[in-house]
Amino acid sequence: MIPDKVPKEDVFYGAEEMRRTAHVPTFDKYKDMYMQSIEDPDKFWGDMAKDFFWKSKHTGRFLDYNFDVTKGEIFTKCMAGASTNICYNVLDRNVHERKLGDKVAFHWEGNEPGDESTVTYRELLHHVCRFANVLKSQGVRKGERVAIYMPMVVELVVAMLACARIGAVHSIVFAGFSAESLSDRIMDSQCTLLVTADGFYRGDKLINLKILADEALQKCRDKGFPLHRCIVLKHLSKEAQETSLSCPPAKRSCPDLQDRETSRVKKSRPVPQVPWNPEVDRCWHALVAAASDECEPEWCESEDPLFILYTSGSTGKPKGVLHTLSGYMLYTAATFKLVFDHQPDDVYWCTADIGWITGHSYITYGPLANGATSVLFEGLPTYPDVSRMWQIVDKYRVSKFYTAPTAIRLLMKYGNEPVQKYKRDSLKVLGTVGEPINPEAWHWYFSVVGDSRCPIVDTFWQTETGGHVLTPLPAATPMKPGSATFPFFGVVPAILNESGEELEGPSEGYLVFKQPWPGVMRTVYGNHGRFQSTYFKKFPGYYVTGDGCRRDKDGYYWITGRIDDMLNVSGHLLSTAEVESALVEHEAVAEAAVVGRPHPVKGESLYCFVTLGDGRTFNRTLEAQLRKQVREKIGAIATPDYIQDAPGLPKTRSGKIMRRVLRKIARGEKDLGDISTLADSSVVEQLFLNRCQPAL
Ligand code: PRX
């Protein structure tokens, strides 16, 4: 499956000098290790597991599974029976066994330049222990779910690791999601406590997070799910800075909530409103000030749940993807170490938000498990100007940098000057994730950002896979721009045709995986049936990714994009069904259909067709209301770019909407293929006439 020889032409190689120290220095070494990982996974992962602390050993097989629905329940177990604690492994082990207590875990860089702090491994351990004690004092017990809705601050990492320390299950909701999305997730995973913050700035824009959190809790109450405890971090307040995580605990005090005079918020800007409900709300700072910084970790079983993270589903509500302890820990640690070729003096920066899986695996767990020093960035790539990223790279001498194609395309628009103003000579490896990277963006990233010196690791993976599954290794794999290249250790990909037959050699079809790796998801929280039917029913015996894929003559894998009704907007998966249902909830809308339209920066944008109810007219006001409605129901990332009045939708005689035709209309492509099955083909002409023009 891995080619014997890699091509010499049309491929790019990273810096030769990396080879001297790289964990996987050559393609031959990669192939050897890959074969070992497939032929004897127990030994391969068993060796990796030796780096970690186990309170007790596993019993039975290292990796046990069933991927075939026709043979019974789908399951994966890794190191079942062993007991450990992931927080212990990423903090205590680094501080006590590996003597990394004084090493910086995070350089925190705020939205506003100059707003910064640093936290070492030892300090992080203290903060986590304190907050773990806070959670316990609030009655949180092992196995309970804790919702976290926070900006990109060190306290977010503290909150998640504190949950892990006491065996509670974190369910982080991206702070860009709406109150409704938050309430749906709190209820679905039956959280017993919410951790949030007063607010934060994204560039110039104030996000009043606490107000959204309150709205979400009200919605929960309205639906008969009262949540009684909410811990609020005062991030934008003066006290939050005085008690910032790099200050000694003695300085902490319970802040007066009215005092919000702060340098984190520019003088000319509004301060956040922090409504306070004394029955439910608790002040983070006061609770922490009263807590001890000693907290014995809760020893958990390998297959105990670690976290739930929601991802869009092509039908119905978002799915709560559940990851468990030991397999996820091993897999994120191993992928981080090998894919970024982590070395002790690296400074690593992943620009993702912790609210997405990339942040879970490659800001928190993977880097900390390796004792890495990371940059944690709260702001935007374009604030205060489009050089911000490169300024930060030079400031901290970042050596490994991980971002998304959408950010690369955005910055590419501004030309080379904002990049070349900074030296970037510390960079060694560049990474990308979230969607296929177009070759033009790849070349710009490689030659301008990386000065043609740094290999690019194009990492394909999903919330469900826990970590990278197809990816180059920076010193070993010759790169082809736009290809995620080859499988990571333990991963066995295949390409299937519509009848479920495995295709050999150069081919294109459904990307599936034939066996689990330690970090694969275990279930959809509370709905194992949905887990089995979403990923395992279509092709029994395989995990189905939902992505299309091509394998070229050299054996390289190229992701061609989603083949279900999902859209990828700026690297975030969105379900067309979810956006449609947000639109039809508006009283004027009778029916809606949403498709993707290519976008030069976001990859795809949302193009919505709406059919109005009788007597309703389509106008700018309605358009604005619909946009607002979608933002409120889902979040800003789902804001439609185009909304078109559709007096009729192209349907088959059986009433099914032909999305293929709508996609063509959205793109302005006249060649519609066979439309003989349409019940009324005249609607198509009308839709072409009403087409939204591309935004300027
Ligand atoms: O379509 C693939 C795309 O993102 C999807 C997974 O999205 P999510 O679960 O939100 O996780 C994103 C971060 C891991 C995939 O099914 N995708 C992700 N990485 C790549 C990609 N498509 C092509 N190339 C990639 N490197």
Side-chain angles (χ1 to χ4, degrees), residues 172-174 176-177 307-314 318-323 328 331-332 335-336 339 350-363 365-366 402-409 430-439 441-442 445 456-472 477 479-488 491 493 510-513 519-521 524 534-535 543-550 556-576 578 596 602-604 634-635 637-638:
I172 301 182
V173 180
F174 170 54
F177 274 131
F307 67 84
I308 299 166
L309 182 60
Y310 285 82
T311 186
S312 301
S314 55
K319 307 178 285 269
V321 169
L322 184 105
H323 283 284
Y328 178 83
Y331 200 68
T332 51
T335 45
F336 177 79
V339 173
C350 168
T351 67
D353 193 289
I354 292 179
W356 304 103
I357 189 70
T358 307
H360 280 59
S361 301
Y362 299 114
I363 294 181
Y365 290 111
Y402 194 27
T403 194
T406 184
I408 299 165
R409 289 192 298 261
L430 303 175
T432 126
V433 57
E435 59 179 306
I437 179 163
N438 47 314
W442 193 98
Y445 198 27
I456 295 183
V457 286
D458 176 353
T459 60
F460 167 83
W461 58 296
Q462 309 176 301
T463 306
E464 294 87 336
T465 68
H468 308 138
V469 280
L470 299 180
T471 178
T477 315
M479 303 163 286
K480 289 195 186 190
S483 167
T485 72
F486 302 110
F488 188 74
V491 173
Y510 292 87
L511 176 66
V512 299
F513 294 111
V520 70
M521 74 183 283
V524 169
T534 308
Y535 303 100
Y543 166 87
V544 180
T545 59
D547 283 293
C549 184
R550 179 169 71 80
Y556 281 67
Y557 289 88
W558 302 73
I559 304 297
T560 53
R562 299 294 305 184
I563 37 188
D564 47 15
D565 285 331
M566 304 278 263
L567 299 181
N568 193 323
V569 178
S570 300
H572 302 309
L573 279 192
L574 289 173
S575 133
T576 52
E578 218 188 335
K602 298 199 260 186
E604 280 188 292
I634 305 174
I637 47 161

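Numbering of ligands and ligand atoms starts at 1, following listing order.
Residue Y543 comes nearest to T465 through the heavy atom pair OH-CG2, 4.3 Å, listed as atom of the first residue, atom of the second, then distance.
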Subject >> side-chain hydrogen bond (donor to acceptor under 3.5 Å, both in side chains) between Y402 and T459, worked out >> reply: CA-CA 10 Å; Y402 194 27; T459 60; 2.6 Å; yes

Subject >> Residue pair C549, F460: steps toward the side-chain contact (heavy atoms from CB on, under 4.5 Å) verdict >> reply: CA-CA 11 Å; C549 184; F460 167 83; over 6 Å; no

Subject >> Stepwise side-chain contact (heavy atoms from CB on, under 4.5 Å) test for L567 and T576 >> reply: CA-CA 7 Å; L567 299 181; T576 52; 3.7 Å; yes

Original post:
Can you check side-chain contact (heavy atoms from CB on, under 4.5 Å) on I172 and F307, steps first, answer last?
Top reply: CA-CA 8 Å; I172 301 182; F307 67 84; over 6 Å; no

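Contacts with ligand 1 closer than 4.0 Å are made by no heavy atom of H572, backbone or side chain. Contacts with ligand 1 closer than 4.0 Å are made by heavy atoms of both the backbone and the side chain of Q462.
Using a 4.5 Å heavy-atom threshold, the side chains of Q462 and T311 count as separate.
For atom 18 (C) of ligand 1, the nearest non-hydrogen atom from the set W461, W558, Y362, W356 comes from W461. Checking P436, S361, G359 against atom 23 (C) of ligand 1, the nearest heavy atom belongs to P436.
Considering backbone and side-chain atoms together, T432 places no N or O closer than 3.5 Å to any N or O of ligand 1. Below 3.5 Å of separation, one finds an N or O of T463 facing an N or O of ligand 1. Between T545 and ligand 1, no N or O atom pair is found at a separation short of 3.5 Å.
Using a 30° and 60° split on the angle between ring planes, H323 and Y328 fall in the tilted class, from 30° to 60°. Taking the six-membered ring for Trp and thresholds of 30 and 60 degrees, F336 and Y362 have nearly parallel ring planes, at less than 30 degrees apart.
Here the protein heavy atom with the shortest distance to atom 25 (C) of ligand 1 is E435 O, 3.5 Å. Of the protein's heavy atoms, D547 OD2, 2.4 Å lies nearest to atom 16 (O) of ligand 1. Closest to atom 13 (C) of ligand 1, if we only count protein heavy atoms, is T358 OG1, 3.5 Å.
Using modelled atom types, no side-chain atom of Y556 and backbone atom of R550 make a donor-acceptor pair closer than 3.5 Å.
Heavy atoms of G434 approach ligand 1 to within less than 4.0 angstrom.
For ligand 1 and I559, the ligand atoms under 4.0 Å from any heavy atom of the residue are 22 (N), 23 (C). Of all the atoms in ligand 1, the ones that sit under 4.0 Å from a non-hydrogen atom of N568 are 3 (C), 4 (O). Taking every non-hydrogen atom of V433 and a distance limit under 4.0 Å, the qualifying atoms of ligand 1 come out as 13 (C), 14 (C).
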